[in-house]
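Before any comments, here is the structure.
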Amino acid sequence: MKEKKWKKGERLESTASTGRSDFIRDIISEDLKINKNDGRVHTRFPPEPNGYLHIGHAKSICLNFEIANENKEGLCNLRFDDTNPIKEEAEYVDSIKEDVYWLGFDWGEREYYASDYFETLYKYAVQLIKNTKAYVCDLSADEMREYRGTLTEPGKDSPYRARSIEENLDLFERMRAGEFKDGSRTLRAKIDMSSGNINMRDPVIYRIQRAVHHRTGDKWCIYPMYDFAHCVSDSIEGITHSLCTLEFEDHRPLYDWFLDELAIHHPQQIEFARLNITHTVLSKRKLNTLVNQGHVTGWDDPRMPTLSGLRRRGYTPEAIKNFCDRIGVARRNSAVDMALLEHCVREDLNKRAPRYMAVLNPLKVIIDNYPEGQVEEMDAVNNPEDESMGKRKVPFSRELYIELHDFMEDPPKKFFRLAPGREVRLRYAYFITCKDVVKNEKGDIIELHCTYDPQTKGGDAPDKRKVKATLHWVSAAHSREAEVRLYDHLFSVPEPGKDFIDHLNPDSLRVLTSCRIEPALLEADMCQFERLGYFCLDPQETFVKRKPVFNRTVSLRDKWGKIQKKAGR
RNA sequence: UGGGGUGUGGUGAAGUGGUAUCACGGCAGAUUCUGGUUCUGCUUUCAGGGGUUCGAAUCCUCUCACCCCAGCCA
């Protein structure tokens with residue numbers, strides 16, 4: 001019989017003070033009202049240490065930890081679901097802890113491992129045998145598949161299903177003792193081989209597997225399966241609400257069955273839709289393929305949606321958490337627009353990133369009427385959004401660099417940057433007018449000759465005349481060379497799908513090696529390059545390349561870019 | 001007639017019998033020493049049919065579409 005654990009019903013107050021409301025928080029509010037679990041709220045984030053965390057995990061981390069934080073005495077455990085020694089490694093445990101901590105969540109002393117419960121799990125398995133609810137099965141993997149039936153046909157009972165309790169007890173003990181070959185026997189739950197839910201067709205709960213476990217070494221040669229280990233681990237830890245993704249929905253009857261048969265504390269499993277984001281992939285398998293086939297440099301490649309990749313790209317924990325809060329929690333499969341993630345970083349970085357000037361594609365500008373050898377220190381605001389971030393000095397001299405794209409010899413209508421005969425402002429410095437364009441034999445523009453108006457020092461004209469553009473610049477002699485890496489979507493289509501490799505964006509990385517940065521910038525790690533975007537220093541690459549290497553976190557919103565794109569079509 | 005889910009603007013979410021709401025995106029404008037930020041306005045939606053009701057995204061019913069499940073993975 002179907003039983004809905006969350007009845008659609010009267011309007012519920014949202015949890016705590018956040019004002020946020022979603023179906024999970026509604027369930028918890030209702031549970032609190034009837035004093036279920038003595039009013040406790042206890043969640044857990046249960047990663048398997050077999051890979052790196054990505055932003056999809058962040059959704060789950062935020063959900064679990066924030067729900068705990070929203071409730072008085074609410075707790076959230078960090079539990080490693082380490083029941084498969086073949087796939088799991090201590091290295092992943094460390095990276096997962098680092099990522100969760102980086103996001104800003106605290107699991108206190110509650111760092112647990114399913115492997116801590118192996119002994120207890122074994123005892124519970126014995127209890128199931130004693131209750132005639134589990135049996136040792138000698139079917140091979142292939143045979144078991146045959147016996148299982150199909151989606152539309154029921155399965156058949158295993159010939160070993162009717163073994164006596166004594167025989168099962170003996171065999172199971174000897175499985176543990178290592179008397180049998182890997183894969184030769186399993187312990188199975190005795191449920192219903194004709195169930196429409198394939199998970200209930202006598203699922204395996206223990207398999208024989210001689211492998212070194214990252215924590216228990218070679219102490220065990222039998223390991224519990226997820227369905228058994230997970231619900232019991234939740235129960236042992238006193239979890240009240242066990243939140244997981246939609247694909248475990250079919251496992252809930254099994255989750256409930258084990259706990260009912262064992263008659264132990266019974267958390268409620270609640271499923272929600274996993275996160276998808278456009279223009280990227282969020283499955284361990286696909287991310288793994290990207291790494292293994294060399295489409296990216298590693299799990300922390302700044303184009304990867306992994307937490308380590310996003311961190312290296314310059315995303316802040318605040319931006320990611322804000323994103324996770326905004327996408328909501330629901331039960332329908334969906335794909336969030338990458339633009340929302342980008343909006344969230346811009347919003348955060350706009351408030352906190354100090355501004356600097358950097359020229360990505362330098363074009364030399366010579367101010368003909370500026371005294372040779374003269375240097376002036378211009379006052380520049382570090383962050384117009386936050387006065388407390390103060391000011392700095394930027395050296396100005398006769399020879400400068402501006403952005404190549406800020407000049408056009410024959411500008412179209414809506415281009416209002418520098419052009420022959422046109423006057424623009426150099427930010428925090430002077431108005432300049434372009435007088436002459438110097439080209440090489442190939443016809444490439446290599447140098448501009450301009451004049452400046454000494455009256456406009458600081459950037460304002462005494463006669464109040466206006467200019468239509470303000471350009472960023474650096475002093476040629478005072479600026480330093482840097483490498484800048486510009487990132488774009490990893491995939492050129494919103495939903496890469498099964499053939500995702502075919503849709504890789506060839507321009508997801510562009511490396512610019514002769515950029516010029518203002519001297520003060522050397523001290524910044526995260527910053528805005530004015531008019532360009534948000535960037536962060538890549539410490540590893542800076543060390544390797546022996547010059548500053550910056551990653552572009554995200555570009556600024558770009559109206560001119562949009563106009564150009566439209567014109568291009 | 002295998003089982004389990006899900007359908008609300010371009011996208012993600014709220015809404016649980018009483019004017020469909022919010023955010024992102026897009027478009028237009030204002031402000032601006034960043035074509036940034038900020039501000040304003042516009043844009044477009046209840047999968048479909050039938051029923052109940054004074055009144056339906058919401059209740060009933062039929063249909064359609066999509067997602068998940070046949071690991072000794074989690």
Side-chain angles (χ1 to χ4, degrees), chain A residues 2 7-12 21-22 26 46-48 50 81-84 86-88 137 139-141 144-145 148-155 182-188 194-201 203-209 223 225-227 229-230 244-253 271 273 278 284 326-344 346-347 350-351 355 357 381 384-385 414-417 425-429 458-460 466-472 494 528-533 555-563:
Chain A
K2 238 194 304 190
K7 288 198 203 82
K8 290 194 170 186
E10 60 198 83
R11 185 87 187 86
L12 295 158
S21 167
D22 55 62
D26 285 350
E48 183 189 13
N50 71 340
D81 223 334
D82 55 350
T83 56
N84 186 359
I86 290 173
K87 291 187 174 177
E88 296 147 7
C137 182
L139 253 26
S140 70
M144 200 180 289
R145 187 158 39 244
R148 187 155 38 227
T150 68
L151 290 178
T152 52
E153 297 156 21
D182 282 16
S184 62
R185 280 182 228 259
T186 56
L187 183 72
R188 293 226 258 166
S194 65
S195 172
N197 181 347
I198 290 179
N199 296 303
M200 300 300 271
R201 318 236 263 231
V204 171
I205 54 186
Y206 265 93
R207 76 279 213 184
I208 304 172
Q209 202 167 71
Y223 291 94
M225 300 291 291
Y226 164 85
D227 287 301
H230 199 90
C244 62
T245 45
L246 245 32
E247 66 268 27
F248 292 102
E249 205 159 8
D250 291 341
H251 295 245
R252 190 173 66 231
E271 312 85 16
T278 62
K284 259 181 207 171
R326 287 203 201 197
I327 56 176
V329 187
R331 289 174 63 84
R332 87 181 80 158
N333 291 311
S334 59
V336 177
D337 198 329
M338 178 66 92
L340 180 61
L341 216 209
E342 295 177 340
H343 168 82
C344 290
R346 287 196 187 102
E347 186 180 60
N350 177 49
K351 283 180 296 191
R355 318 276 129 130
M357 292 196 283
V381 173
E385 304 294 319
K414 289 183 179 170
F415 183 89
F416 45 83
R417 274 108 98 144
R425 171 170 38 234
L426 294 181
R427 188 141 159 95
Y428 301 127
D460 283 306
K466 300 284 183 196
V467 287
K468 285 190 85 175
T470 300
L471 309 187
H472 61 275
Q528 181 192 106
F529 291 175
E530 293 224 24
R531 305 209 302 133
L532 297 172
S555 67
L556 254 30
R557 287 182 67 211
D558 180 13
K559 222 176 224 174
W560 170 240
K562 275 178 197 164
I563 293 169

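In what follows, every chain begins at residue 1, and chains take the letters A, B, ... in the order their sequences are listed.
No contact: A:Phe529 has no heavy atom under 4.0 Å from any strand. Residue contacts shown for A:Pro494 are absent, as no nucleic acid heavy atom lies under 4.0 Å away. Counting any heavy atom pair closer than 4.0 Å across all strands shown, A:Asp81 reaches sugar-phosphate atoms only and no base atom. As judged by a 4.0 angstrom heavy-atom cut-off over every strand, A:Ile563 is placed among the base-contacting residues. Within 4.0 Å of A:Asp460, counting heavy atoms only, lies at least one base atom of the nucleic acid. Among the protein residues, A:His251 comes within range of the nucleic acid bases, having at least one heavy atom under 4.0 Å from a base atom. Backbone-only contact: A:Arg148 has heavy atoms under 4.0 Å from sugar-phosphate atoms and none from a base. At the heavy-atom level, A:Val329 lies under 4.0 Å from the strands shown only through sugar-phosphate atoms. Heavy atoms of A:Tyr223 sit nowhere under 4.0 angstrom from any nucleic acid atom. Residue A:Leu556 is classed as a base contact, given a heavy-atom separation below 4.0 Å to a base. Counting any heavy atom pair closer than 4.0 Å across all strands shown, A:Tyr428 reaches a base atom. Among the atoms of the strands shown, none is found under 4.0 Å from any heavy atom of A:Lys351. Among the heavy atoms of the strands lying under 4.0 Å from A:Ala335 are primed sugar atoms or P, OP1, OP2 only; no base atom is included. Counting non-hydrogen atoms under 4.0 angstrom, A:Met200 reaches nothing in the nucleic acid.
Note on A:Thr278: every side-chain N or O is 4.0 Å or more away from OP1 and OP2 of B:U11. Regarding contacts with the backbone of B:G15, a side-chain N or O of A:Ser21 is found under 4.0 angstrom from either OP1 or OP2. Considering only side-chain N and O atoms, A:Arg331 lies under 4.0 angstrom from the phosphate OP1 or OP2 of B:U6. Note on A:Gln528: every side-chain N or O is 4.0 Å or more away from OP1 and OP2 of B:U37. The phosphate of B:C72 has neither OP1 nor OP2 within less than 4.0 Å of any side-chain N or O from A:Arg145. At least one side-chain nitrogen or oxygen of A:Arg332 sits closer than 4.0 Å to the OP1 or OP2 atom of B:A13. For A:Ser334 and B:A13, the shortest distance from a side-chain N or O to OP1 or OP2 is below 4.0 Å.
Residue A:Glu385 places no side-chain atom within donor-acceptor reach of the base of B:U38, judged by atom type and a 3.5 Å distance cut-off alone. Residue-to-nucleotide contacts include no donor-acceptor pair under 3.5 Å from the side chain of A:Glu249 to the base of B:G3. A donor N or O paired with an acceptor N or O is not found under 3.5 Å between the base of B:U34 and the side-chain atoms of A:Arg425.
With sequence neighbours left out, A:His251 forms a ring-ring contact (aromatic ring centres under 6.0 Å, His included) with A:Phe248. Qualifying salt bridge (charged side-chain N to carboxylate O under 4.0 Å, His left out) partners for A:Arg346, counting only residues two or more places apart in sequence or in other chains: none. Evaluation of the side chain to side chain donor-acceptor pair (under 3.5 Å) rule for A:Arg425 yields A:Thr470 as partners, not counting sequence neighbours. By the side chain to side chain contact (heavy atoms under 4.5 Å, CB included) test, A:Asn197 pairs with A:Ser195, A:Asn199, A:Met200, A:Asp250, A:Pro253, sequence neighbours left out. A search for ring-ring contact (aromatic ring centres under 6.0 Å, His included) contacts involving A:His472 returns nothing, not counting sequence neighbours. When the side chain to side chain donor-acceptor pair (under 3.5 Å) test is applied to A:Glu247, the partners found at least two apart in sequence or on another chain are A:Thr245, A:Arg274. Judged as a side chain to side chain donor-acceptor pair (under 3.5 Å), and not counting sequence neighbours, the contacts of A:Asp182 are A:Arg210. Residues satisfying the salt bridge (charged side-chain N to carboxylate O under 4.0 Å, His left out) test with A:Arg332, not counting sequence neighbours, are none. Under the side chain to side chain donor-acceptor pair (under 3.5 Å) criterion, A:Arg207 pairs with no residue, sequence neighbours left out.
In B:G71 the base sits syn relative to the sugar, since the glycosidic angle is no further than 90° from 0.
Interatomic distance, CD1 of A:Ile198 versus CG of A:Leu151, reported as 4.5 Å (0.5 Å rounding).
Between the side chain of A:Arg201 and the main chain of A:Arg148, a donor-acceptor pair closer than 3.5 Å is present. Of the possible polar contacts, one joining the A:Glu88 side chain to the A:Asn84 backbone as a donor-acceptor pair under 3.5 Å is found. Judged by distance alone, with hydrogens and angles left aside, the side-chain atoms of A:Arg331 form a donor-acceptor pair with the main-chain N or O of A:Glu271 at under 3.5 Å. Using a distance-only test at 3.5 Å, with no hydrogens or angles considered, a donor-acceptor pair links the side chain of A:Thr150 to the main chain of A:Thr152.
Between A:Tyr226 and B:A74, no base-stacking contact is recorded for ring centres under 5.5 Å apart and planes less than 30° from parallel.
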Letter by letter from the 5' end, nucleotides 18-28 of chain B scores (B base, S sugar-phosphate only, - none; protein heavy atoms under 4.0 Å) -----SSSSS-

Write down the protein N/O and nucleotide N/O pairs, taken from nucleotides 64-67 of chain B, whose separation is under 3.5 Å; answer none if there are no such pairs.
| unit_1 | atom_1 | unit_2 | atom_2 | d |
| --- | --- | --- | --- | --- |
| B:C67 | O2' | A:Asn333 | ND2 | 3.0 |

Please enumerate all protein N or O atoms sitting under 3.5 Å from an N or O of nucleotides 41-48 of chain B, with distances to 0.1 Å.
none

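Annotation: of the two residues near RNA chain B, A:Gly561 and A:Ser140, the 5′-most nearest-nucleotide partner is A:Gly561.
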